[in-house]
Number of protein chains: 2
Amino acid sequence: MAERGSKARAGRNARSGNVAGADRRDLILAAASRRFAEFGFGATTVRQIADDVHVLSGSLYHHFATKEEILDEIVREAALEQRDRSLRIAALAAGAEQKLVTLVQEDLRALTRRLEAYTIIFNERKFFRRSADFAYLMQARKAAYDAWVAILEEGIAEGVFRPDIDRYLTISTIMRMLTNGADWFMHEDGSPIDAMAHYSLDALCDFYVGFVLRSIRAAGRGDEAIPRPLVLD
Amino acid sequence: MAERGSKARAGRNARSGNVAGADRRDLILAAASRRFAEFGFGATTVRQIADDVHVLSGSLYHHFATKEEILDEIVREAALEQRDRSLRIAALAAGAEQKLVTLVQEDLRALTRRLEAYTIIFNERKFFRRSADFAYLMQARKAAYDAWVAILEEGIAEGVFRPDIDRYLTISTIMRMLTNGADWFMHEDGSPIDAMAHYSLDALCDFYVGFVLRSIRAAGRGDEAIPRPLVLD
DNA sequence: GTCTATAAACTGATAGAC
DNA sequence: GTCTATCAGTTTATAGAC
């Protein structure tokens with residue numbers, strides 16, 4: 001299952017020459033993403049996915065060996081991308097505060113770009129943790145987490161972040177905050193609470209950067225200017 | 001469905017005189033709570049619930065008319081309790097900052113006390129939003145949200161909170177933060193990231209109070225002492 | 001109040017025609 | 001690559017014996 005990854009996919013796409021880049025297989029993945037994110041993996045049936053792309057359920061099994069293989073293909077790239085992004089930003093030659101701002105922005109952008117995949121990773125985390133086939137997923141998230149912690153430690157060493165903050169609670173809280181914030185941003189207008197709100201992604205990003213920085217900045221630095229995020233190549 | 005509420009329940013319990021207060025019906029609710037919170041409502045089968053309490057699936061329908069009625073009974077009390085608690089704290093005669101600290105603490109305590117119910121309310125929110133039978137649930141959450149906002153507005157008027165914070169984003173972020181924080185606290189040890197962490201509820205509470213207050217306090221107040229929460233009757 | 005037994009629909013997945 | 005047809009098992013829910 002895990003061997004049939006993005007490489008095979010890229011090859012197929014290149015060959016197909018589809019203008020929209022969306023062959024049936026991609027449509028299946030898109031429909032499954034939507035269903036898994038909205039109703040959960042366990043509560044989604046292969047028939048619902050098939051119906052969404054106007055195909056009979058049996059035909060899905062020409063493209064994928066199992067329902068789990070569909071799930072795997074949806075979440076793998078997103079998780080590895082998140083890990084690579086975090087590691088890359090942590091390795092930049094810049095101040096810790098600027099790297100943190102950059103990481104918040106880039107994470108939030110990625111979360112909104114591929115929200116369904118990240119929502120699934122978050123919602124089904126207990127399933128992934130129990131499944132040996134998805135161990136790579138948990139490892140990728142651990143690597144991303146470690147990159148965040150490294151930046152935090154740097155900032156404390158530089159004296160820009162409070163030395164007394166709890167690394168673990170701070171980072172895991174921020175990561176969950178961004179994941180759920182992105183989910184709300186994309187999907188939850190229409191709840192009674194969300195009645196009058198609509199924000200741009202940039203506004204949301206500014207909010208989270210401010211919220212986080214005010215919490216973790218060293219004493220006395222509270223009202224210094226917030227650094228601009230780094231521009232990635 | 002919605003008519004068979006806590007009143008009927010209390011009556012039954014009083015009559016039963018069960019020492020542990022746990023008749024079969026309560027055991028069914030407890031098993032369903034665990035399953036719904038862990039695997040989701042849609043992914044849980046009535047047979048699994050029945051197996052957990054060593055009863056055949058058909059027997060569940062003596063106690064509940066449908067699977068949804070089980071869900072309803074699990075989430076109703078928790079949601080109404082949360083609303084009442086928020087309204088009560090918001091109405092206290094005290095400073096806004098102290099009320100906010102109290103609300104964070106009491107919410108976190110309630111979240112851990114009845115975590116499964118709150119986890120279900122959060123995870124199945126899209127389902128609840130679509131269902132007319134659960135409209136009361138969304139209304140209760142809106143009322144709780146409004147109570148938080150009222151405290152925030154008070155604090156801004158008193159000059160203890162920053163006047164430029166976004167009421168909506170701030171409160172919805174804090175509420176999600178506490179919900180997910182409680183969920184992690186109770187269940188997520190064992191994830192790769194969670195390896196070495198174990199905290200007391202009080203420590204967790206202090207962390208969130210600090211994290212939140214540093215973010216929303218008016219300029220210059222960052223390092224003032226954090227007020228003790230009010231003691232509720 | 002729990003059981004047996006079952007209905008009627010749905011589940012993930014397969015075989016083979018086209 | 002999609003279809004038809006189907007398997008074996010499971011789903012929510014019901015009827016009626018005990």
Side-chain angles (χ1 to χ4, degrees), chain A residues 1 4 8-9 11-18 20-33 35-36 39-74 120 124 127 130-131 133-134, chain B residues 1 4 8-9 11-18 20-32 35-36 38-74 124 127 131 133-134:
Chain A
M1 181 180 89
R4 271 241 249 155
R9 201 71 270 292
R12 274 177 42 81
N13 258 343
R15 256 182 279 114
S16 79
N18 194 320
D23 58 6
R24 179 127 291 162
R25 197 186 148 93
D26 291 327
L27 292 175
I28 294 169
L29 287 170
S33 291
R35 292 270 179 188
F36 292 164
F39 304 102
F41 176 71
T44 298
T45 71
V46 292
R47 257 178 189 84
Q48 288 168 335
I49 299 169
D51 286 351
D52 287 347
V53 295
H54 306 296
V55 156
L56 293 199
S57 65
S59 302
L60 291 189
Y61 290 87
H62 170 74
H63 301 280
F64 303 94
T66 65
K67 190 182 165 191
E68 278 199 22
E69 194 183 279
I70 300 178
L71 176 62
D72 179 76
E73 200 141 330
I74 291 169
I120 295 165
E124 311 291 338
F127 169 73
R130 280 190 298 265
S131 164
D133 286 336
F134 288 101
Chain B
M1 182 181 90
R4 274 242 248 151
R9 204 65 269 293
R12 275 175 41 82
N13 259 343
R15 258 182 278 115
S16 79
N18 193 320
D23 59 5
R24 179 128 291 161
R25 196 186 148 93
D26 291 327
L27 292 175
I28 294 169
L29 287 171
R35 292 270 180 189
F36 292 165
E38 175 125 20
F39 304 103
F41 175 72
T44 298
T45 71
V46 291
R47 231 179 282 273
Q48 288 167 336
I49 299 169
D51 286 352
D52 288 347
V53 294
H54 307 295
V55 157
L56 293 201
S57 65
S59 302
L60 292 188
Y61 290 87
H62 168 75
H63 301 279
F64 303 94
T66 65
K67 190 183 166 192
E68 277 199 24
E69 195 184 280
I70 300 178
L71 176 62
D72 179 76
E73 199 140 333
I74 290 169
E124 311 292 337
F127 169 74
S131 165
D133 286 335
F134 289 99

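This is a predicted model, so every value here is computed, not measured. In the text below, chain A, chain B and the rest are named by the order of the sequence lines, each starting its count at 1.
The shortest distance between side-chain heavy atoms of A:Phe64 and A:Glu73 falls below 4.5 Å. Using a 4.5 Å heavy-atom cutoff, the side chains of A:Arg24 and A:Ile28 are in contact.
Remark: P of C:dT11 and CD1 of A:Ile70 are 14 Å apart, rounded to the nearest angstrom. Rounded to an integer number of Å, the gap from CZ of A:Phe64 to C1' of D:dT2 is 15 Å. Put simply, CG on B:Leu60 is 13 Å from C1' on C:dC3, counting in whole angstrom units. Here C:dG12 presents its C1' atom at 15 Å from CG of A:Leu71, a figure rounded to the nearest Å. In this structure, the NE2 atom of A:His63 is 12 Å from the C1' atom of D:dC3, given to the nearest Å. In this structure, A:Leu56 places its CG atom 17 Å from P of C:dT14, rounding to the nearest Å. In this structure, the CG atom of B:Asp23 is 9 Å from the P atom of C:dG1, given to the nearest Å.
A:Asp51 meets the side-chain hydrogen bond (donor to acceptor under 3.5 Å, both in side chains) test with no other residue; sequence neighbours excluded. A search for side-chain contact (heavy atoms from CB on, under 4.5 Å) contacts involving B:Ala50 returns B:Ser57, B:Leu60, not counting sequence neighbours.
The line from CG of A:Leu71 to CD1 of A:Ile74 is 6.0 Å long, rounded to the nearest 0.5 Å. In this structure, CZ in B:Arg35 is found 4.0 Å from CG in B:Asp52, a value given to the nearest 0.5 Å.
The shortest distance between the side-chain N/O atoms of A:Tyr61 and the OP1/OP2 oxygens of C:dA13 is below 4.0 Å. For C:dT14, neither phosphate oxygen OP1 nor OP2 lies less than 4.0 angstrom from any side-chain nitrogen or oxygen of A:His62. Residue A:Arg24 has no polar side-chain atom (N or O) positioned under 4.0 Å from OP1 or OP2 of D:dG1.
A heavy atom closer than 4.0 Å to some atom of DNA chain D occurs in A:Arg47, A:Val55, these being the qualifying members of residues 45-55 of chain A.
Out of C:dC3, C:dA13, D:dT2, the shortest distance to the side chain of B:Ser59 is found at C:dC3.
Where B:Ile28 and B:Ser57 each meet DNA chain C at their nearest nucleotide, the meeting point lying more 5' is that of B:Ile28.
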Step by step, would you call A:Ile120 with A:Phe41 a side chain to side chain contact (heavy atoms under 4.5 Å, CB included)? CA-CA 8 Å; A:Ile120 295 165; A:Phe41 176 71; 5.8 Å; no

